[in-house]
Each structure stands twice: as C-alpha cells, then as structure tokens.
A.B. asks: 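Pasting a structure below so you can have a look.
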Protein chains: 2
Amino acid sequence: MKEKNISLAVIRRLPKYHRYLKEMLDNDIKRISSKELSKVIGFTASQIRQDLNNFGGFGQQGYGYNVEDLYEEIGKILGLTRDYNVIIVGAGNLGQALANYSSFGRLGFKLKAMFDINPKIVGLTIKDIQVLDMDTFETFVNENNVEIVYICTNRDGAQDVADRISKTNVKAIWNFAPVDLKVPEDVVVENVHLIDNLLTLSYFLKEN
Amino acid sequence: MKEKNISLAVIRRLPKYHRYLKEMLDNDIKRISSKELSKVIGFTASQIRQDLNNFGGFGQQGYGYNVEDLYEEIGKILGLTRDYNVIIVGAGNLGQALANYSSFGRLGFKLKAMFDINPKIVGLTIKDIQVLDMDTFETFVNENNVEIVYICTNRDGAQDVADRISKTNVKAIWNFAPVDLKVPEDVVVENVHLIDNLLTLSYFLKEN
DNA sequence: AAAAATATGTCAAATTAATAACAAGGTATT
DNA sequence: AATACCTTGTTATTAATTTGACATATTTTT
C-alpha cells in the first residue's frame with residue numbers, strides 16, 4: 001500500500017477533497033470535473049488533476065470524476081478502510097471536547113478510554129467513556145489494541161506521555177500540547193499547535 | 001508596518017521560532033547561532049537566516065542572535081505588541097476548552113465574552129466569562145471593540161456567524177468549524193480543521 | 001596585537017511545487 | 001454516424017522554496 005514519495009503538500013490537500021466530495025455526495029451530485037471542483041474548492045483544475053493522478057487515474061476523459069467513487073478512493077488513500085481504537089490522554093477541557101466530537105467516531109476513530117493523573121477527574125464517565133488512571137495506561141493500550149493516542153495534556157506532561165507511548169505498540173500520536181515531541185522513527189505525530197495558528201492569524205490581522 | 005510579500009511558509013514558521021526562543025529565554029540562554037538553533041528546531045541554519053532576514057538583520061556576525069531581542073522582534077512581527085479583545089461564538093465543549101486556555105490571554109488575546117444560541121448554556125459563567133445570547137452579538141462586538149472571533153459552532157452554524165461578523169468591524173476569524181468560510185476580502189480567517197489533521201495522521205499511520 | 005575561529009547576510013544554485021499546454025479518448029448533439 | 005465539445009492524464013514550463021556558498025564582520029584564542 002506504500003505510495004512512492006507523495007509530497008506533504010499533496011497529502012494535506014486530500015482531506016479537503018474528501019470533505020468537499022462528501023458534501024457533494026450528500027447533495028446528490030453524481031459527477032464533477034476538475035474545473036467545476038476547482039471553482040468550489042479553490043485549487044486550480046490542473047493541481048487537482050495532478051494531485052489525484054499521484055494515486056491513480058480516477059477520472060474519465062470527457063466525463064470527469066464520479067463523485068462517489070472518488071470519495072471512496074480518497075477515503076482509502078487516507079486509511080479510512082477500517083476502524084482504529086483511540087484513547088485520549090489528558091481529560092481536561094480539550095480532551096473532553098474531543099471526546100464529544102462524534103464525527104471522528106463516524107470516520108472510524110473509536111474512542112475506547114480517557115486517561116488522566118488528576119484524582120478528581122479519574123473515575124468520571126464522559127459520553128460513556130471512562131476516565132482511567134495513568135497507572136493503567138500500558139496495560140489498557142496493550143490489551144485493547146490501541147493504535148492512536150490523542151495527547152491533550154499540558155506542555156510539561158506531553159513528552160512523558162510520548163515516552164510511555166513509544167514503549168507500546170501505538171504508532172500514531174495526535175498532539176495538542178504546545179511542544180514538539182521526540183519519538184522513535186516509526187511513530188508518526190501530527191501536531192495541532194493552536195498557539196502557532198493563533199499567532200499566524202495575529203500576523204495577518206496586523207498586516208491587513 | 002506592511003512587509004512586502006513574505007511567503008506563507010515563512011509566516012507559519014515564525015510562531016515556532018517564537019516558541020523555541022521563549023523556552024531558551026526561560027532557560028537563561030542569552031545567545032544562539034542559526035546553527036545551534038537549527039539543531040533544536042529542525043530547520044536548516046540557512047533557512048533560519050533567510051527567514052529572519054525577511055524582516056531585518058537581527059543577528060551579528062561572529063556572535064549570532066541575542067535570544068531576548070530576537071524573541072521580542074518576532075513577537076512584534078506577529079503582532080504581539082498590544083492586547084486584542086476576542087470573543088468565542090459557540091460555548092460548547094470546544095469553546096469552553098478555549099476559554100480555559102490561559103496561554104492565549106497571556107499573549108494578549110483577551111477573552112471578553114462567549115456567545116451561544118442554546119438557552120441552556122446562555123447565562124452561564126465560565127472562568128469569569130459570561131455566555132451571552134447571540135441576539136446581543138452585534139451590540140457587544142461594536143461596544144467592546146472586539147477584533148477577533150473564535151468560531152466554535154458546528155458546521156452548519158459557522159457561515160451564519162461569519163456573515164454576521166462581516167457586517168461588524170471584526171477583521172479576524174479563528175475558525176474551528178469543518179467548513180471553509182466565505183468572507184469579505186478584508187477579513188482574515190485562520191482555520192483549525194481538526195478532521196483534516198486527523199486524516200493526515202491516519203494517512204501516515206497507514207503508510208508507516 | 002595577530003591569527004584563528006565563528007557566524008551573519010546575501011547571492012547563486014538546486015530542488016520542489018504549481019501552473020499551463022496539449023494529445024488522446026470519451027461524451028453529447030445533430 | 002458524424003461532428004463538435006469536453007475533460008482527463010501527462011508532459012513542459014514557470015514559479016516558489018530551500019539549500020549551499022562565500023565575502024565580510026565580529027569574537028575568541030594565542
């Protein structure tokens with residue numbers, strides 16, 4: 001399943017295609033040309049065709065792309081072919097907010113538990129999900145085939161969690177702590193650095 | 001204050017410089033060369049020098065950069081020279097999570113109120129911040145010199161909020177709803193599309 | 001005080017990414 | 001069935017970004 005050296009820029013556009021195609025699907029749009037898609041999604045038609053062709057010829061000359069097929073194909077590329085067991089570490093406000101997002105679950109990311117070190121939070125149940133003590137972290141991860149961890153701790157706790165993750169079979173971290181984690185090569189990390197994002201907005205507000 | 005055509009790629013690296021310099025400052029590191037910084041931050045030394053030189057010669061040959069000065073300069077570039085009044089629209093879990101992040105406030109982003117349409121939430125007070133009814137949105141924004149709005153509604157509500165924002169003096173939106181907002185040219189939008197981010201992670205997990 | 005080492009700012013080269021162009025194949029219309 | 005029209009996949013071109021090189025200035029060492 002290994003595609004050869006697709007650039008990061010292309011990969012980061014795929015979820016957007018996926019999102020727009022889903023919307024078209026919901027609106028009963030059956031076919032779409034790169035030119036039409038270009039208009040709504042804001043990329044050039046040329047870029048759309050080139051992006052998609054990294055993964056195969058999904059279109060048909062003179063016709064365009066079948067929306068449902070393309071949606072499915074991009075889903076496959078993104079790994080949406082099966083469910084993933086996930087847990088959240090850090091059951092504070094952000095962790096709870098993520099726990100309440102049902103859209104992740106619908107895409108196949110199944111929340112199995114939350115973890116915290118705060119005795120006031122451990123033991124709670126949020127949306128049918130138990131908050132467990134970090135003492136039981138490794139045991140739970142191993143016994144429940146957890147594949148993805150969302151790190152929602154504060155800055156100081158994040159690297160410790162990453163270190164503990166690195167000793168398990170978990171190979172993916174979604175990191176919300178404002179720090180760049182050091183992890184083994186075979187662990188992938190995707191960061192949501194909110195502050196970085198806010199400061200970018202601030203820059204453009206100033207420039208405007 | 002308008003810098004000429006700095007590329008988006010450069011801008012998005014600035015907050016990371018800011019973050020690392022803050023850490024060095026906290027650790028009493030007084031000076032840093034592009035080479036040393038390169039090692040910890042992961043960009044090439046050449047790129048660091050070129051990035052910084054877009055905004056001026058902050059370094060000194062043979063010495064490097066003064067950490068405190070550089071931190072201050074990058075802060076200025078990012079607009080961290082004064083406070084901004086912000087409000088949150090959508091006081092659900094995510095909105096509340098953002099309201100509880102004190103780090104935004106420390107950087108100058110002062111939360112003045114939260115808004116919602118849900119009668120069960122309107123009237124609550126979260127971290128000394130009142131949740132107001134959307135009926136009073138325009139009035140509040142105008143009277144309190146609000147400059148930035150964090151949109152934390154669901155997908156369907158986001159564009160409506162953006163439309164209402166566009167009729168006020170607010171010129172910056174931090175959007176957490178999974179939709180690309182249509183706004184006038186002079187309104188800047190920074191998106192946090194969590195699902196896009198999660199799917200990128202999923203892609204790399206699959207590829208791994 | 002001189003020499004060696006360091007490190008910037010900047011220009012040039014190389015690499016990567018985006019856009020444009022177009023042949024070929026398919027669709028729609030007459 | 002023939003013709004005109006679309007639209008893809010792909011190659012070529014252009015643009016943007018990153019990396020490398022180096023002259024010059026400063027610091028550190030001898």
Side-chain angles (χ1 to χ4, degrees), chain A residues 3-17 20-21 24 29-74 77 196 200 203-204 207, chain B residues 3-17 20-21 24 29-74 77 196 200 203-204 207:
Chain A
E3 281 97 10
K4 44 98 206 348
N5 270 15
I6 311 292
S7 87
L8 181 59
V10 174
I11 304 305
R12 291 205 182 281
R13 282 192 291 270
L14 293 179
K16 190 163 172 180
Y17 291 125
Y20 275 79
L21 288 165
M24 290 173 182
I29 297 170
K30 305 289 185 200
R31 58 184 271 192
I32 187 82
S33 70
S34 58
K35 196 177 167 189
E36 292 171 298
L37 184 54
S38 169
K39 272 183 227 156
V40 293
I41 208 170
F43 308 147
T44 65
S46 184
Q47 182 167 61
I48 293 169
R49 293 202 299 280
Q50 207 164 65
D51 280 353
L52 298 178
N53 261 84
N54 280 301
F55 304 97
F58 303 131
Q60 192 168 29
Q61 287 170 327
Y63 177 87
Y65 300 87
N66 178 292
V67 172
E68 187 170 3
D69 291 352
L70 188 54
Y71 174 75
E72 290 298 327
E73 289 296 338
I74 292 177
I77 295 164
D196 291 17
T200 304
Y203 171 87
F204 284 113
E207 291 300 299
Chain B
E3 280 100 9
K4 42 98 210 343
N5 270 15
I6 310 293
S7 88
L8 181 59
V10 174
I11 304 305
R12 289 205 183 281
R13 280 192 292 270
L14 292 179
K16 191 163 170 179
Y17 291 124
Y20 275 79
L21 288 165
M24 289 173 183
I29 298 171
K30 304 289 185 200
R31 60 185 269 193
I32 186 83
S33 69
S34 58
K35 195 177 167 189
E36 291 170 299
L37 183 54
S38 169
K39 272 184 226 156
V40 293
I41 208 169
F43 308 145
T44 64
S46 184
Q47 182 167 62
I48 292 168
R49 293 202 300 278
Q50 206 162 65
D51 280 353
L52 298 179
N53 262 86
N54 281 301
F55 304 96
F58 302 131
Q60 193 171 27
Q61 288 170 325
Y63 178 87
Y65 301 87
N66 177 293
V67 172
E68 186 170 4
D69 291 351
L70 188 55
Y71 174 74
E72 291 298 327
E73 289 296 337
I74 292 178
I77 295 164
D196 291 17
T200 304
Y203 171 87
F204 285 111
E207 290 301 298

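Everything numeric here is computed off the predicted structure, so don't read it as measured data. Chain letters run A, B, ... following the sequence lines, proteins first and then strands; every chain starts at 1.
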A.B. asks: Nearest heavy atom decides the nucleotide; on that basis, is A:Tyr63 or A:Val10 closer to the 5' end of DNA chain C?
C.D. replies: A:Val10
A.B. asks: Show your working on side chain to side chain contact (heavy atoms under 4.5 Å, CB included) between B:Phe55 and B:Ile74 and close with a plain yes or no.
C.D. replies: CA-CA 9 Å; B:Phe55 304 96; B:Ile74 292 178; over 6 Å; no
A.B. asks: Distance check needed: C:dT16 C1' versus A:Asp51 CG, whole Å only.
C.D. replies: 14 Å
A.B. asks: Should the pair A:Arg31 and A:Tyr63 be classed as cation-pi, given the thresholds of under 6.0 Å to the six-membered ring centre and 45° from the axis?
C.D. replies: yes
A.B. asks: Any luck finding a side-chain donor-acceptor pair between B:Ser33 and B:Glu36 under 3.5 Å?
C.D. replies: yes
A.B. asks: Kindly say if A:Gln60 contacts the phosphate of C:dG26, meaning a side-chain N or O under 4.0 Å from OP1 or OP2.
C.D. replies: no
A.B. asks: To the nearest Å, how far apart are B:Gln47 CD and D:dT17 C1'?
C.D. replies: 8 Å
A.B. asks: Could you tell me how far apart B:Asn53 (CG) and D:dT18 (C1') are, to the nearest whole angstrom?
C.D. replies: 15 Å
A.B. asks: State whether B:Ser7 places a side-chain N or O below 4.0 Å from either non-bridging phosphate oxygen (OP1 or OP2) of D:dT17.
C.D. replies: yes
A.B. asks: Does D:dT8 have OP1 or OP2 sitting under 4.0 Å from an N or O in the side chain of A:Ser34?
C.D. replies: yes
A.B. asks: Nearest-Å distance, CG (B:Asn66) to C1' (C:dA7)?
C.D. replies: 15 Å
A.B. asks: Ignoring hydrogens and geometry, is there a side-chain-to-backbone donor-acceptor pair from B:Ser38 to B:Phe43 under 3.5 Å?
C.D. replies: yes
A.B. asks: Respond yes when some side-chain nitrogen or oxygen of B:Ser46 is under 4.0 Å from OP1 or OP2 of D:dT18, and no when none is.
C.D. replies: no
A.B. asks: Just the rounded figure in Å: distance from C1' of D:dA16 to CD1 of B:Ile11.
C.D. replies: 15 Å
A.B. asks: Go through A:Leu37 and A:Met24 one step at a time and tell me if the side chain to side chain contact (heavy atoms under 4.5 Å, CB included) criterion holds.
C.D. replies: CA-CA 10 Å; A:Leu37 184 54; A:Met24 290 173 182; 3.7 Å; yes
A.B. asks: Between P on C:dA7 and CD1 on B:Ile48, what's the gap in Å once rounded to a whole number?
C.D. replies: 13 Å
A.B. asks: Using a cut-off of 4.0 Å on non-hydrogen atoms, how would the nucleic acid contact of A:Phe43 be classed: base, sugar-phosphate, or nothing?
C.D. replies: nothing
A.B. asks: Of the listed nucleotides (D:dT19, D:dG9, C:dT8), which one gets closest to any side-chain atom of A:Arg49?
C.D. replies: D:dG9
A.B. asks: Which nucleotide, D:dT19, D:dG9, D:dA23, lies nearest any side-chain atom of B:Thr44?
C.D. replies: D:dT19
A.B. asks: Look at B:Arg31 and D:dT28 and indicate whether a side-chain polar atom (N or O) is within less than 4.0 Å of OP1 or OP2.
C.D. replies: yes
A.B. asks: Which nucleotide, D:dT18, D:dT24, C:dG9, lies nearest any side-chain atom of B:Gln61?
C.D. replies: D:dT24
A.B. asks: Has the side chain of B:Asp69 got a donor or acceptor atom that lies under 3.5 Å from a matching backbone atom of B:Tyr65?
C.D. replies: no
A.B. asks: What is the distance, rounded to the nearest whole Å, between atom CG of B:Asn54 and atom C1' of D:dA16?
C.D. replies: 13 Å
A.B. asks: Nearest whole angstrom, please: distance from the P of D:dT17 to the CG of A:Leu8.
C.D. replies: 15 Å
A.B. asks: Please work out if A:Ser33 contacts a base, only the sugar-phosphate, or nothing of the nucleic acid, heavy-atom cut-off 4.0 Å.
C.D. replies: sugar-phosphate
A.B. asks: Would you mind telling me which of D:dT18, C:dT27, D:dT8 lies closest to the side-chain atoms of A:Tyr65?
C.D. replies: D:dT8
A.B. asks: 5'-most contact on DNA chain D: A:Gln50 or A:Gly62, nearest heavy atom basis?
C.D. replies: A:Gly62
